[in-house]
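A note on names: the letters A, B, ... follow the listed sequences, proteins ahead of strands, and every chain is numbered from 1.
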Amino acid sequence: MTDFSGEPSGSHAQRQHWLSILALAPCATLEQALQQTLTVCEPPPLGWLRKPQSGLYMVRARAGGTGAQFNLGEASVTRCAVQDDSGRIGVGYVRGGNARHAELVALFDLFLQNDESRPQLLATVIGPLAERQAAARETASREAAATRVNFYTLARE
Amino acid sequence: MYVAVKGGETAILNSHELLAAARRGDEGVPEISPAQIREQMRLGVARVMSEGALYDEELAALALKQAAGDQVEAIFLLRAYRTTLPRFGYSLPVDSGRMNIRRRISAAFKDLPGGQVLGPTYDYTQRLLDFSLHAPAACKLPPCADEPLPAAMPRVADLLGHEGLMEAELPPAGDPAPGDLSREPLRFPADRATRLQNLARGDEGFLLAMGYSTQRGYANSHPFAGEIRMGEVALEIVPEELGFPIAIGEITLTECQMINQFAGSSTVPPQFTRGYGLAFGEAERKAMAMALVDRALRAAELGEEVVAPAQQPEFVLSHSDNVEASGFVQHLKLPHYVDFQSELELLRKMRKRHEGRKKVSVTEGNPLFGTGGKAHTEIAVGENA
Amino acid sequence: MNAPHIPLLPGFADPVDDAQRIFRAVLAALSRPGMLQAISGLPPAPAPLCAASGAVLLALADYETPVWLQSPSPEACAWLRFHCGAPLVDAPAEAVFAVISQPLALPPLAAFAQGLPEYPDRSATLIVHSAGFGDQGLRLTGPGIQDECRLGIDGLAPDFWRSWQSQQGHAPLGVDLLFVNGDSLLGLPRSTRVDVEGKGE
């Protein structure tokens, strides 16, 4: 399939990163971050290319974790897309049914594609969110690690 | 046979209102919210998601509230709701190897890399009712280890695989897309992907009984819980408009790898075989039962004699779905008035003939040792034909 | 990432209601062959699509239905990928929907998926941009047509109807056609027999 997306290759990794951070972020935090962002930069004229829409993705897994693919069951997903007057598209995909969350992801995805606003947003929004998510993951892992069994052998004297 | 009957609209509407009142219960007790169910009944929510085949904690919690806690009814509600939503596509296969682990144990190896991590389990509770839960109490923060778990926790099956002692689980050539039971009906023979999808949405009680039957000697496969792991994995999709994968959130999964004995053949050296279980949420019993049944259903593929119900795909896969099973059992409540009337008439006719025959028997021969029984059978056949 | 972008046209204003409306029109067109169906209020679609062929794809195409464009353009491909999620294929035989924007250069009908004897529905539906519809030239008979229906379809190659007739020897296999022009939609399912008037039976 021909790539008509107009994306310079190699830029995916960064966008993948922020999209995954935004998808995991609490909606209220993103709402707050949006208000702050709007006080410092004027958003370009925007239009909804796709209004928030709820649907399903079938979750696939592999037999034995590594073998043949099978369909495990579906997950609900909400998506939307916003476009600015230059034709740049911000997409929002979030698991679950929160339409506002999907909208916020799409808006930040759009702002983050802009070379002028990206560095600031990476530093003030994505960076702190990523840190918070990593910290939450570490806490969960340390709580689990506290339940790790330390075996000891009763040696016969 | 069904006939259209009319009437009962008012009775049905009133029944809805009575049901709503019964669901609410005593209004002196605060009403439960779906958020409370989601947070405090998470294992019930997990089962509704697994068997409803839809990962959405909010909807599953709502379904449980609406169904007044009836799991099978809640599962039905979720299955019905999903049909109203468009399907956007398929996810990339979730990678349980990259799970953020919250529980991981092995009954086969004591000292496995990463260790035995108990996590939030009921296994070591005393099963004594905790009356202190009657009163709300602040929850202590759980203890934290100084260090998190290792970033990479190897799968036990892969450790054995390196030695060649475990059958390999590799994608078939071309890594084909699996069949999808939510789009196509179940057909036999069913391949493993189809069986696993069926079992993943199958009734936990049914799978538990089937798995148990294999342990009791109906198709013994000598299982070891090679590894059970539970935690969060990323859900990744490739939107057609982007053309590259993105993670859109996390889902909680429980995975069970059963290790089973297998003697090998002239072409395959002796090695362990595997059964696999995977379920949405924290659902360890379900994942274990699924792994036992998955292995039992591989009997024909592994050259074993098919002798027990758990090894028969037609038996297991056709009866595992509780929405189907519940529908067919409960359809018996639908009006069968005409059906039953015809049976009643038939029975009355048979009784009448039987009476006539008895009179003949009494006059012509011995009713106990004669041909009375046979004659009766013949009448019955004649009536049915 | 500030590279020039191709602005994407929006899809249906109201995805659910619009898709259902177009679906009804397609259903009517295929069950009443030869009867023009009006589909209005369509969003513009990027060339070589027209509003009508674009609307049919918005309503029917998704991630499970590969689409083949006779003359693909970057704009149309991006639009279909975005709004339908449909994969675009290079080979006509792989397509579930094909858009024929230059009917004079239509590939042979046999180049498209014909379905299988067990599953005749696994065949292609061709959306053909017609130059216009008239009221004579063709005589249609078959299921969904009372007695007969006379009409004209402009802009097709002279030998097109001969290949349509030869497809009917393979029933129930074959392709189905949806002709579009402006706000009009015309269905021609494989079961419809078409005779060219003035050329004998």
Would you mind checking which part of [X] comes under 4.5 Å of any heavy atom in chain B, side chain (CB onward), backbone (N, CA, C, O), both or neither?
| X | answer |
| --- | --- |
| Val105(A) | neither |
| Tyr93(A) | both |
| Leu24(A) | side chain |
| Arg62(A) | both |

Answer yes or no on whether Arg192(B) is positioned over the face of Phe70(A), meaning its NZ or CZ is under 6.0 Å from the six-membered ring centre and within 45° of the axis.
-> no

Can you find a heavy atom in the side chain of [X] that is under 4.5 Å from one in the side chain of [Y]?
| X | Y | answer |
| --- | --- | --- |
| Arg137(A) | Glu250(B) | yes |
| Ile251(B) | Arg95(A) | yes |
| Arg50(A) | Glu241(B) | yes |
| Met58(A) | Ser182(B) | yes |
| Glu74(A) | Tyr55(B) | no |
| Leu170(B) | Thr66(A) | no |
| Arg148(A) | Leu118(B) | no |
| Ile248(B) | Val94(A) | no |

Report which part of [X] has an atom under 4.5 Å of a heavy atom belonging to chain A: side chain, backbone, both, or neither.
| X | value |
| --- | --- |
| Asn100(B) | side chain |
| Gln257(B) | side chain |
| Phe280(B) | side chain |
| Arg201(B) | neither |
| Arg155(B) | side chain |
| Leu92(B) | backbone |

So does [Y] get a backbone contact from the side chain of [X], meaning a donor-acceptor N/O pair under 3.5 Å?
| X | Y | value |
| --- | --- | --- |
| Ser20(A) | Ala247(B) | no |
| Asn71(A) | Gly179(B) | yes |
| Gln16(A) | Pro245(B) | yes |

From Tyr81(B) OH over to Ser76(A) OG, what is the distance, rounded to the nearest 0.5 angstrom?
-> 8.0 Å

Gap between atom CD1 of Ile237(B) and atom CZ of Arg79(A) - 0.5 Å precision | 8.5 Å

Where Leu149(B) and Ser141(A) come nearest, the two heavy atoms and their spacing | N-OG, 2.9 Å

Heavy-atom pair with the smallest gap, counting every atom of Ile101(B) and Ala144(A) | O-CB, 4.0 Å

